[in-house]
Amino acid sequence: MRAIWSGTISFGLVTLPCQLFTATEEHGPGLHTVHVACGGRIRHRRVCELENVEVQQTDIARAWEAPDGRQVILRDTDLEALPLPTKHVIEVLGFVGSEEVDPILYSRPYWIGASGAGAQRPYALLVEALARSGRVAICKVAIRSRERLAALRPRHGITGDVGYWNCLNALRPRGLSSRVAG
């Protein structure tokens, strides 16, 4: 399995090299959208609204719309240059009891492991300490230019997992439909 992120776990004066790996994968039939009449595949093309021309992936960037309507174009190099304090660090903010973390907050799970032979033992000590104390490390981490809160918790002995959290405002109240009543 290939690591998707490499960095360190940092708490106090302790720094442990680590790597993250995706913990889930999709297992479903590979369905395609097709034209009902002839069965031909439907292709989605990127078309510029202003020029009405198809645009290549290399010519596409992200943008933020300013309050006055101007578009501020941000390229990947701009986003990578942002001074995220946790760019390659899983910064431990504190520790809480595992029962205090509501599982509904988890968004994406990642496996985490020590990076390099010298980090194996200190990393195993961290995981063991979390397991014995019944605690979870609340962390701040940036993956793919986005900083979020996460929980580092022990799993299966010497491995751990990092669960990205949904923002609280992204959670829907129970029993409410996502559709707007009309």
Side-chain angles (χ1 to χ4, degrees), residues 1-32 57-58 60-62 64 74-174 178:
M1 191 180 331
R2 203 183 93 199
I4 62 151
W5 182 92
S6 292
T8 59
I9 300 171
S10 175
F11 56 100
L13 298 174
V14 178
T15 303
L16 301 172
C18 66
Q19 295 179 317
L20 289 181
F21 306 88
T22 53
T24 60
E25 61 187 3
E26 295 294 321
H27 288 286
L31 301 178
H32 307 287
Q57 182 64 38
T58 56
I60 295 175
R62 290 179 237 166
W64 172 76
L74 301 168
R75 291 182 172 60
D76 287 340
T77 54
D78 298 325
L79 295 173
E80 289 169 8
L82 288 175
L84 290 175
T86 58
K87 194 168 186 175
H88 290 283
V89 177
I90 297 175
E91 180 184 346
V92 176
L93 303 174
F95 300 92
V96 298
S98 58
E99 71 283 348
E100 295 179 54
V101 179
D102 189 340
I104 198 168
L105 291 174
Y106 291 119
S107 167
R108 284 192 194 126
Y110 294 94
W111 292 116
I112 186 169
S115 179
Q120 298 291 333
R121 188 168 177 186
Y123 177 80
L125 287 172
L126 170 64
V127 172
E128 180 66 22
L130 289 172
R132 283 187 183 183
S133 66
R135 313 285 280 174
V136 172
I138 305 302
C139 310
K140 192 166 47 167
V141 61
I143 298 176
R144 297 185 179 108
S145 303
R146 193 170 195 179
E147 190 173 64
R148 289 192 176 175
L149 286 177
L152 172 62
R153 53 192 193 139
R155 300 280 292 187
H156 308 297
I158 61 164
T159 63
D161 73 9
V162 173
Y164 250 12
W165 281 2
N166 286 308
C167 296
L168 287 175
N169 63 1
L171 296 176
R172 255 184 266 164
R174 184 172 163 229
S178 62

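All heavy atoms count here, side chains included; hydrogens, waters and symmetry mates do not.
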So which atom in [X] and which in [Y] form the shortest heavy-atom distance, rounded to 0.1 Å?
{"X": "Ala114", "Y": "Ala119", "value": "CB-O, 3.6 Å"}
{"X": "Leu16", "Y": "Pro122", "value": "CD2-CB, 3.3 Å"}
{"X": "Cys18", "Y": "Ile9", "value": "SG-CG1, 3.6 Å"}
{"X": "Ile4", "Y": "Thr22", "value": "CG2-CG2, 4.0 Å"}
{"X": "Arg135", "Y": "Gly97", "value": "NH1-N, 3.5 Å"}

In Å, rounded to the nearest 0.5 Å, how long is the span from [atom1] of [X] to [atom2] of [Y]?
{"X": "Glu91", "Y": "Leu149", "atom1": "CD", "atom2": "CG", "value": "10.5 Å"}
{"X": "Trp5", "Y": "Tyr110", "atom1": "CH2", "atom2": "OH", "value": "11.5 Å"}
{"X": "Ile90", "Y": "Phe11", "atom1": "CD1", "atom2": "CZ", "value": "11.5 Å"}
{"X": "Gln19", "Y": "Arg2", "atom1": "CD", "atom2": "CZ", "value": "11.0 Å"}
{"X": "Ser115", "Y": "Gln120", "atom1": "OG", "atom2": "CD", "value": "8.5 Å"}

Measuring only between side-chain heavy atoms, which start at C-beta, is [X] closer than 4.5 Å to [Y]?
{"X": "Val92", "Y": "Val14", "value": "no"}
{"X": "Leu126", "Y": "Leu152", "value": "yes"}
{"X": "Ile138", "Y": "Val101", "value": "yes"}

Keeping the roles fixed (side chain from Tyr123, backbone from Ile112), state whether a donor-acceptor pair exists under 3.5 Å.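 Yes, because the side chain of Tyr123 sits within donor-acceptor range (under 3.5 Å) of the backbone of Ile112.
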Answer yes or no: is there a donor N or O on one side and an acceptor on the other, between the side chain of His88 and the main chain of Thr8, under 3.5 Å? no
